[in-house]
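Quick notes on the structure that follows.
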Amino acid sequence: MSQAVSGFSKLSKEEKINWIATTYFANPSEAVATIKQYWNSDEKLQQLHDEFIENTISNFYLPMGIAPNFLINGKYKTVPMVIEESSVVAAAAKSAKYWSTRGGFKATVLNSEKIGQVHFLYKGDVQKLEQFFIQTKPKFFKETESITKNMQKRGGGILDIELRNKTAELENYFQLHATFETKDSMGANFINSCLEQFAQTLKTEAQQFELFSEEEKNIQVVMSILSNYVPNCIVRAEVSCKVEDLAEKNIQNPIEFAEKFVQAVRIAEIEPFRAVTHNKGIMNGIDAVVLATGNDFRAVEAGIHAYASKNGNYSSLSHAKIENGIFTFWMEIPLALGTVGGLTSLHPLVKIALEILGKPTAHELMEIVAVTGLAQNFAALRSLTTTGIQEGHMKMHINNILNQFHATKEERITIAKHFENNTISHASVVELIESLRK
Ligand code: MEV
């Protein structure tokens, strides 16, 4: 049923649930029971979660799993992952173990600059605006001192502010393009507060700039907001070893494997249809750690996909080569992450995740996240270029199907035995369950 409602936000949680249940469900009490089944019995904890967002009615569980044995820059890390897709954690763990005996992962943060912009309209003489900007620039720093004081103590702050003329693309459109260092915080609030103060200073100072005409004084600020595109906040993750050392149970011929692997990456470099799926596999690892550590996965996704198109075509984030008998597989990606502030100090499981990771700095977390993405990509390409992806996927997926059918212990044993020697597909699993139940 489609129905509008007014004053929904003012209803109590109980009233909201009742409205949902009676409006959308034939059996309202059953719906209420399901919604409430996911409430936490610890009222304080429930309240904490209720207050993360608005109009909360319940909690939506996602599994939290662990991928151990990640050897990163010579140190072992155990990586917490939050994701709903089966096989992802298993694949990460398998890759981690594999590379731990081949030198491990190397990761480096290349730079960590964040970006924010004040978008404004100015009608008039551009040279006068440039002169105004040079004269006003120190004021932008001065008038944000109360906001930047603490960040400066931690070694961060505003790095630079530029005036950018965008009128060739859009009439009267200019920007204050500012760069920031936000140390261990992702910095969204800090950046946005600075930008809103810049906008204020811009408008006030323009009114007092003597060279401006009345029309020129009337600078119109359209908006002030950070950018989630951070092409100068880059981390590099890499694995490499002698081609012959790639050999293992499923890789009998390492030269053939390495060549096919490099070819698979090349395909993703030039073919957008493949690149999107290739990068999706990387994001399986990245998002899972980003979520577990309380970071903003939408920001990370948006920024990374923009970076994947930086040369005008959507392309692979990772690259591979064989040179002088050495196989190298690497990736450079933008990542704006925080290990303080935001959800990191509020969500009890985020605190646990950060503790498991050894309380990383934002730079260390960038390295861990990038490595997990690369490991995930390696696992996917290894399966795709050897056994095919379905073998591993269906083995994991079979559990979901069995749960869907509330399979008994006995049924599970019989089914597992049967599929040791038969190809698994959704239909074949369902068929077998049904035949067992006849
Ligand atoms: C599935 O979630 C991810 C893969 O499709 C990635 C890939 O194809 O590289 C397996």
Side-chain angles (χ1 to χ4, degrees), residues 62-67 70 79-99 105 237-239 246 248 250-251 256-292 297-298 300-302 304-305 307-309 313-321 327-333 335 369-401 403-404 423-426 429:
L62 281 179
M64 182 175 189
I66 293 291
F70 268 96
V79 177
M81 300 175 80
V82 169
I83 189 156
E84 86 300 342
E85 184 177 333
S86 55
S87 306
V88 169
V89 177
K94 208 169 149 194
S95 258
K97 190 90 186 274
Y98 176 90
W99 281 106
F105 294 84
E238 182 185 303
V239 282
L246 289 166
E248 58 132 33
N250 281 334
I251 307 171
E256 191 189 307
F257 167 75
E259 282 169 357
K260 208 169 165 193
F261 191 100
V262 170
Q263 203 57 45
V265 175
R266 293 231 167 98
I267 291 171
E269 283 169 343
I270 61 105
E271 164 56 54
F273 282 98
R274 174 56 202 150
V276 171
T277 318
H278 178 98
N279 290 348
K280 187 274 182 188
I282 294 172
M283 299 316 292
N284 278 345
I286 290 180
D287 281 344
V289 190
V290 168
L291 261 171
F297 66 93
R298 287 87 55 212
V300 165
E301 283 273 350
I304 289 183
H305 292 299
Y307 193 74
S309 329
N313 280 323
Y314 189 89
S315 177
S316 170
L317 292 162
S318 62
H319 308 281
K321 65 178 181 188
F327 168 82
T328 309
F329 179 47
W330 76 98
M331 177 171 79
E332 283 179 13
I333 50 163
L335 274 177
V369 169
V371 160
T372 315
L374 191 74
Q376 210 71 52
N377 194 208
F378 180 79
L381 292 180
R382 178 169 65 178
S383 298
L384 288 168
T385 56
T386 55
T387 56
I389 205 78
Q390 282 311 84
E391 187 185 281
H393 257 208
M394 288 315 293
K395 263 191 202 146
M396 304 297 287
H397 187 55
I398 200 168
N399 242 338
N400 287 345
I401 305 172
N403 287 341
Q404 226 175 327
T423 312
I424 307 168
S425 71
H426 190 277
V429 177

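These numbers come from a predicted model, not from an experiment. Order of appearance sets the numbers: ligands from 1, and atoms from 1 within every ligand.
Ring-plane geometry between F329 and F378 is classed as tilted, the angle between the planes lying from 30 to 60 degrees on a 0 to 90 degree scale.
Close contacts of ligand 1 with K280, meaning ligand atoms under 4.0 Å from a residue heavy atom, involve 1 (C), 2 (O). Of all the atoms in ligand 1, the ones that sit under 4.0 Å from a non-hydrogen atom of E85 are 1 (C), 2 (O). For ligand 1, the atoms sitting less than 4.0 Å from at least one non-hydrogen atom of L384 are 7 (C), 8 (O), 9 (O), numbered in the order shown with element in parentheses.
Closest to atom 3 (C) of ligand 1, if we only count protein heavy atoms, is N284 ND2, 3.6 Å. Summary of contacts: the protein heavy atom closest to atom 10 (C) of ligand 1 is I389 CD1, 3.7 Å. T277 O, 3.5 Å is the protein heavy atom nearest to atom 6 (C) of ligand 1.
The local environment of CD in E85 is crowded, with over 12 non-hydrogen atoms from other residues, nucleotides or ligands closer than 6.0 Å.
At a 4.0 Å cut-off, at least one heavy atom of R274 sits close enough to ligand 1 to count as contact.
Between V300 and M283, some side-chain heavy-atom pair lies under the 4.5 Å cut-off.
Neither the backbone nor the side chain of V88 has any atom closer than 4.0 Å to an atom of ligand 1 (non-hydrogen atoms only). Neither the backbone nor the side chain of L381 has any atom closer than 4.0 Å to an atom of ligand 1 (non-hydrogen atoms only).
Using modelled atom types and a 3.5 Å distance limit, the side chains of N250 and T386 yield no donor-acceptor pair.
R382 has a carboxylate O that lies under 4.0 Å from a charged side-chain N of E248, or vice versa, which qualifies the two as a salt bridge.
Looking only at distances, no side-chain donor or acceptor of N377 sits under 3.5 Å from a matching main-chain atom of G281.
In terms of heavy atoms, A67 sits closest to A93 at CB-N, 4.0 Å.
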